[in-house]
Amino acid sequence: MTSTPLPVEQAFAQISRNTSDIVTEAGLRQVLELSQKESRPLRVKFGIDPTFTHVHIGHAVPIRLLHIFQQLGHLPVLIIGDGTARLGDPTGRNDQRPPLSKEEVAHNSATYLEQIGKILDLSSDVCEVRYNSEWFAGMDFFDCLRLASRGTAARLLERDDFKKRMSDNLPVHLHEMLYPLMQGWDSVQVESDIEIGGNDQLFNLHMGRLLQEREGQSAQVCLTTPLLLGTDGRKMSKTYGNHVPLLAPANDMFGKVMSLSDEQMSDWFRLLTPLTDSEIQSILEGHPREAKGRLASEVVSWLHDASSAEAAADSFKRQFGEKKLPDEIPECKLESGLALANLLKEAGLVGSTSDARRMIQQGAVKVNGEQASDPNEAIPLGETPTLLQVGKRRFSNAIGV
RNA sequence: GGGGAGAUUCCGGAGUGGCCAAACGGGACGGACUGUAAAUCCGUUGGCUCCGCCUUCGGAGGUUCGAAUCCUCCUCUCCCCA
C-alpha cells in the first residue's frame, strides 16, 4: 500500500479536503515535512469505542481519511477502546452511557475490525491495532490520581455537553470527566503524531496534545472530519433509520444511497468518493437521478467491488425503474391449500397473519402478478412456483410439498 | 440521612377507574404520484381460527361489576436538599 510520498503541499491539500478542523495547519505541514525528510511514516491515531455493533457510513468518513494517510505511506494506529468503552464517551450525550460488560466489549471489538477492514488495510505491516485496556487495565488508583492531576476541573468543564448539563441541572459524573483524559492518555501511549476524530471530538483530541506535552512528547496534530448527514438530511442515526450500514449487502446499499435526499448529494460525493471537486461539479449538473446512481455505484464499489456495483445498479434499474422482478427470488416449500394470510406468514413475507391481512387490504399483495383481495382464499401450491409478492421489495416463490 | 419524581405498545411521550389495543411525534411498512427506495400526499403500525375472540401499560398480590389508571409489597431509574 505504500507509495512514493507526495509533495507536502499536495498531501496537505488532499487531507484538508476531508477535514473540518486542523489544529494546527502549520503543525500539519511541519510533521508532513519531517516525515518526508526522515522518511519516517507518521503515526496517525484513530480511536473507536466498541459500544455498539453496527458501523455506518457516517463513521466511515474519518476512517476513510485514515486510509488516505495509509495510502500516503503513513501508519494508521487504530485504538480499540475496550478500556474506555467500559466508561463511555459522554460527547454529545445528555446522559450517562450504560456501562458495557466485558463480553459485549469483546464482541463489539471483533465486529468493528471486520467492518473497518472494508475501508482500511489492517495488515500488521501497514496498520497498528491496539486495545487501550493494554495500559488502562494495569493502572491502580494512584495511577488514576496522577492522570487526573494532569487536568483541571475548569478546563474539563469547558466542554459543551458538560456545561449544558450543569446548567440544566443534569448530573455530570466524576468518571465522565476522566474520559477526555483517558483518550489523551492513549495518545501518549502510542506517541501519535496526528489524531483523527469526528468534529464532535475536538475537545478530546486537544487533551492528547496537552498530555503529550506534559510527558515531554511533541503535541499531536488534531484533525476532525465533517459530519456526514443521513439520507434525509438529519443527523445520521439508527433511530432515524437514515443510515447506511457498512456491512449492508450490495443491492441494499445501492438502494439506500438512492434514497438519499438530493441536497445531501454533494457532501456525500465529497466525503465518500475519490472524485475531484470538478468531477463532482459536472456530475451534479446532470440529472439528479443519474448523479445519485453514480454516487451509489461509487459507494458500492468502494465498500464491495466494481462488479457488485454494476450488478446492483442493473437490478435496481430493473426492479424499480422498469418495475420488473428482481433477478433472484427466494424459494420456499410450503403446504398447499393454506389461506393466503397464513401462506404469506409461513413464507416469511410478513410478520403475522394480522399483518398479512393489512397488506392485502392495502392492495400490496400479488399472487402470480394478480392483486389479491381475500385473505382467506386457499392457495393451491404445486411444483410450478407460485409467485408471492408483498409491496415492491418482498418476493417469494412458493412450491408445494 | 431527609424530601420528591418516575417505570406505558419499536423509540420518544400522552393517558390517572369504563368512551383504551391506548392520543401525538419519530421510525417502519403500504398505496398514489414521480426523477428513485428523492420530495409530496394518503393510509397502516399487538396477536388470532379476524364482522368475533385473546394477550399487553416494570414484577407479584389486592380493591372493584370493571384497573394502564386506586391500594400493598418488590425491582429498577432519576431529581432536589444535606
Side-chain angles (χ1 to χ4, degrees), chain A residues 52 54 56-57 93-99 165-173 176 229-245 248-269 283-300 309 312-326 335 337-346 348-366 371-378 388-395:
Chain A
F52 49 94
H54 292 286
H56 61 57
I57 204 162
R93 294 182 62 101
N94 56 13
D95 56 3
Q96 235 188 126
R97 271 183 196 278
R165 275 201 262 167
M166 298 279 283
S167 67
D168 290 350
N169 280 331
L170 291 168
V172 174
H173 294 260
E176 293 183 89
L229 295 175
T231 49
D232 56 1
R234 293 186 294 178
K235 183 179 148 81
M236 194 180 294
S237 147
K238 214 170 144 189
T239 48
Y240 291 145
N242 60 0
H243 68 302
V244 180
N251 278 355
D252 200 39
M253 191 178 279
F254 194 96
K256 283 250 166 55
V257 177
M258 287 306 279
S259 79
L260 187 71
S261 66
D262 292 357
E263 307 77 66
Q264 297 309 314
M265 274 202 281
S266 132
D267 276 353
W268 280 51
F269 265 116
I283 290 169
L284 289 178
E285 278 164 11
H287 195 292
R289 189 193 48 196
E290 299 303 321
K292 220 173 284 179
R294 175 67 189 277
L295 177 64
S297 297
E298 288 286 339
V299 169
V300 176
D314 278 352
S315 61
F316 185 89
K317 206 189 291 173
R318 211 172 28 251
Q319 192 174 345
F320 300 105
E322 303 165 18
K323 301 217 192 297
K324 289 188 181 151
L325 298 175
E335 195 183 324
L338 285 173
L340 180 56
N342 297 283
L343 183 65
L344 294 174
K345 184 189 165 196
E346 293 304 319
L349 294 175
V350 296
S352 65
T353 58
S354 302
D355 193 18
R357 282 164 195 275
R358 276 180 230 118
M359 287 299 136
I360 293 165
Q361 202 168 27
Q362 293 181 89
V365 174
K366 285 181 186 165
Q371 192 173 80
S373 57
D374 179 8
N376 298 316
E377 186 187 352
L388 303 173
Q389 182 178 355
V390 179
K392 295 188 190 84
R393 293 158 65 190
R394 280 174 272 174
F395 298 87

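A note on names: the letters A, B, ... follow the listed sequences, proteins ahead of strands, and every chain is numbered from 1. Quick caveat, the model's predicted, so the values are computed rather than measured.
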Please state whether the phosphate of B:rG27, meaning OP1 or OP2, lies under 4.0 angstrom from any side-chain nitrogen or oxygen of A:Arg234.
yes

For the pair made of CG in A:Leu229 and C1' in B:rA38, what is the distance, rounded to whole Å?
16 Å

A:Met258 near the nucleic acid: base, sugar-phosphate alone, or nothing, with a heavy-atom cut-off under 4.0 Å?
base

Integer angstrom distance from the C1' of B:rA32 to that of B:rA38:
16 Å

Is a side-chain N or O of A:Lys292 found less than 3.5 angstrom from the main chain of A:Leu260, in a donor-acceptor match?
yes

Residue pair A:Gly255/A:Asn242 against RNA chain B: nearer the 5' end by closest nucleotide is A:Asn242

Considering just the side-chain nitrogens and oxygens of A:Lys256, establish if one lies under 4.0 Å of OP1 or OP2 belonging to B:rU36.
no

Does A:Arg358 make a side-chain N or O approach to OP1 or OP2 of B:rG47 shorter than 4.0 Å?
yes

Looking at A:Asp314 and A:Lys317, is any side-chain nitrogen of the basic one under 4.0 Å from a carboxylate oxygen of the acidic one?
no

Would you say A:Arg357 places a side-chain N or O within less than 4.0 Å of OP1 or OP2 belonging to B:rG47?
no

If we take the P atom in both B:rG1 and B:rG12, what is their distance in whole Å?
31 Å

Could you pick out which residue, A:Ser261 or A:Ser354, lies toward the 5' side of RNA chain B when each is mapped onto its nearest nucleotide?
A:Ser261

Check A:Glu290 with A:Arg294, please: is the shortest side-chain N to carboxylate O separation under 4.0 Å?
no

Counter-base of B:rC76, judged by Watson-Crick or G-U geometry with both distances under 3.5 Å:
B:rG6

Contact class for A:Phe254 vs. all strands (heavy atom < 4.0 Å): base, sugar-phosphate, or nothing?
nothing

Watson-Crick or G-U wobble mate for B:rC70, both contacts under 3.5 Å:
B:rG62

Roughly how many Å apart are B:rG18 and B:rA23, using the P atom of each and rounding to a whole number?
16 Å

Between A:Thr353 and B:rC50, does any side-chain N or O lie under 4.0 Å from OP1 or OP2?
no

Does B:rC19 have a Watson-Crick or wobble partner in any strand here, with both distances under 3.5 angstrom, and which is it?
none

Note, A:Ile360 side chain near A:Leu344 side chain (heavy atom, < 4.5 Å):
yes

Check the distance between B:rU36's C1' and A:Gln264's CD and give it to me in whole angstrom.
16 Å

Reckon A:Lys392 has a side-chain N or O less than 4.0 Å from the OP1 or OP2 of B:rG31?
yes

Taking the same atom, P, in B:rC41 and in B:rC50, what whole-Å distance lies between them?
37 Å

Quiz question: going by heavy-atom distance under 3.5 Å, is there a donor-acceptor pair between the base of B:rG43 and the side chain of A:Gln362?
yes

Separation of A:Arg318 atom CZ from B:rU36 atom P, in whole Å?
16 Å

Atom pair CG/CG of A:Leu340 and A:Leu388 - distance to nearest 0.5 Å:
7.5 Å

What's the closest nucleotide to the A:Lys292 side chain, out of B:rU36, B:rA37, B:rG47?
B:rU36

Determine the interatomic distance between C1' on B:rC53 and the same-named atom on B:rG3; round to the nearest Å.
48 Å

Can you check the A:Met265 CE to B:rG35 P distance for me, whole Å?
15 Å

Touch check for A:Lys317, heavy atoms < 4.0 angstrom, all strands: base, sugar-phosphate only, or nothing?
nothing

Quick check against the 3.5 Å criterion: does A:Gln319 have a side-chain atom that pairs as donor or acceptor with the backbone of A:Lys392?
yes

With both distances under 3.5 Å as the test, what is the Watson-Crick or G-U wobble partner of B:rC24?
B:rG12

Would you confirm whether A:Asn242, through its side chain, and A:Lys235, through its main-chain N or O, come within 3.5 Å as a donor-acceptor pair?
yes

Between C1' of B:rC48 and NZ of A:Lys345, the distance in whole Å:
9 Å

Take atom CG of A:Asp262 and atom C1' of B:rA37, then tell me their distance rounded to the nearest Å.
13 Å

Once you apply the 3.5 Å cut-off to both distances, tell me the Watson-Crick or G-U wobble partner of B:rC41, or none.
B:rG31

Whole angstroms only, please: what is the CG-C1' distance between A:Asp232 and B:rU40?
15 Å

Nearest whole Å is fine: how far is B:rC29 C1' from A:Arg394 CZ?
6 Å

Counting any heavy atom closer than 4.0 Å, what does A:Asn342 reach on the DNA or RNA strands: base, sugar-phosphate only, or nothing?
sugar-phosphate

When the C1' atoms of B:rU56 and B:rA82 are compared, how many Å lie between them, rounded to an integer?
42 Å

Taking B:rG59 as the reference, what is the distance to B:rC10 when you measure between their P atoms (whole Å, please)?
13 Å

Distance, C1' atom - from B:rA21 to B:rU44, rounded to whole angstrom
15 Å

Looking at A:Gly337 and A:Ala378, what are the two nearest heavy atoms and their distance?
O-CB, 3.5 Å

